[in-house]
*Asks:* 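The structure that follows is given in the form of structure tokens.
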Amino acid sequence: MNHRSRDRGLAEIFRHIDARQAPFLATLVELIRQPSVSATGEGIEACADLERRVMADCGLDARLLPSDGKPLVYGERIVDRAAPTLLIYGHYDVQPVDPLDAWVSPPFEPDVRDGRLYARGSADNKGQHLAQLLAIRSWLDVRGELPINVKVLLEGEEEMASPHLASFADRHRDLLAADLAYVSDGPVHESGRTQVVFGARGTLQVELTVRGAAHDFHSGSRGGLVPNAAWRLVDLLSSMRDETGAVTIAGFADAVRPPSDAERQAIAALPLDLDSFLRGAGIDRLPPPDGPDYHERLMFRPTLTIAGLASGYAGTGFKTVIPSVAVAKLDIRLVPDQDPDAMFTLLREHVARHAPGAELIRVGSMRPSRTAIDGPWTAPIVDAITLVEGRAPLLVPSLGGSLPLYVFGEVLGIPSVVVPYGNQDQRNHAPNENLELDRFHRGIRIAAAVFDRLGASASFGGRARKSRPQPPR
Ligand SMILES: [Zn+2]
């Protein structure tokens, strides 16, 4: 089918989506009314069951799949084995609602104010993954079939850092096989424009405990006689950086992959108001080390962050004491190809060398991930978003934050992109979480257009694979 008749078909789907705004919103409200707090387990089973029903109503062959933790909801519609397959990922669990008294309307009683739906889970992530399901429903209503194969996977433990997603994916490689993973979560770019994100930094969180004497001592009567744990910790921490701000843990940045030419071009094209960032942060320059600019720091460089320090007495008044224990919490952000296990080993060796006896505990980690920004999936997605919004999206090589995208890239071996539909000020994880209804509806349109463009692309997925020359026998 040529571009023009395809676009006429899409326009018909868009009109259908516009006409169905009220029932689509009613489905979102129904999903949100069902609490699903993974941290406490509240409503998880019931929500998984409801999601399965919504998926089935949207035309997918849907079922619950057990994991080592909470169940996942899986649905698929296989149109043609030779067509490209899109794996849509989302999560049905939500964050706890505390502090409850800071909510203007109760968190599980959706309330529309000023064009926004206020409720826990509105943007993170029920509204965003429902947009994909409703796009599937709309294709089927108008055209009777999808232009690609679609698989939808909804997790129930995303807000707990997805502890069982990798093992689940590993056991279901065939079921989840696809040409691209597509995720809508988080906010649009801070400029308000839609962004296509191709990766995320990883993390490694550790707790470092340094001890001095057997217990705290009077700083006068024993001052100069017993070691001070706080000084030991400060010395150890300062051994991890030089005066220019460069991290001095041996091998810390050895595995860092430099940006590709396409990635450099992409970050150069991103809008940035550095002055307003600096003003908002109350600083007059970026911290050392000098060199990498804003986006390169955020996407292509690891960080070593002291996230918390505790020792001695820091309360009201004063206590003359020599602390016997000092604790630091460190948060390391990792970029490709840094491995959390290898990084932990480097850190342990550094600590053993500089503060023998200090205790290092690994609290948590997530691997970094990166998908090529110039792969065959990019042009169709850009084309789809441009069609819906009249403006091309921003291409963002990586989030500064962390998402379990490595499960797609490394466990399943498929590329992944994140196309958030939610507003910047969605207040996810906080009281008064909200989703702009206009963005919800636009998300449905974007998903519908993405299905179309990926299905029609000559270079993406199943058809491209089929036409690739076979190796000689
Ligand atoms: Zn979240």
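Both backbone and side-chain heavy atoms feed into the values below; hydrogens, waters and symmetry mates do not. As the structure lists them, so they are numbered: ligands from 1, and atoms in each ligand from 1.
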*Asks:* Report yes or no: is the cationic atom of Arg442 (NZ for Lys, CZ for Arg) under 6.0 Å from the centre of the six-membered ring of Tyr421, at an angle within 45° of the ring normal?
*Replies:*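 No, Arg442 does not sit over the ring of Tyr421.
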*Asks:* To make sure I understand the geometry: which N, O or S atom in Asp124 is closest to the Zn ion (ligand 1)?
*Replies:*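 Of all N, O or S atoms in Asp124, the Zn ion (ligand 1) lies closest to OD2.
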*Asks:* What do you get for the angle at the Zn ion (ligand 1) between OE2 on Glu159 and NE2 on His429, to the nearest 10 degrees?
*Replies:*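 Angle OE2(Glu159)-the Zn ion (ligand 1)-NE2(His429): 110°, rounded to 10°.
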*Asks:* Can you find a side-chain donor-acceptor pair between Asn125 and His91 that sits under 3.5 Å?
*Replies:*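 There is no such pair (donor and acceptor under 3.5 Å, judged by atom type) between the side chains of Asn125 and His91.
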*Asks:* Report the residue from Arg193, His189, Gln195 that forms a side-chain hydrogen bond (donor to acceptor under 3.5 Å, both in side chains) with Ser191.
*Replies:*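 So the option named by the test is His189.
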*Asks:* Honestly, is Arg63 close enough over Tyr74, meaning NZ or CZ under 6.0 Å from the six-membered ring centre and within 45° of the axis?
*Replies:*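 No, Arg63 does not sit over the ring of Tyr74.
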*Asks:* Within 2.8 Å of the Zn ion (ligand 1), is there any N, O or S atom belonging to Asp185?
*Replies:*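 No.
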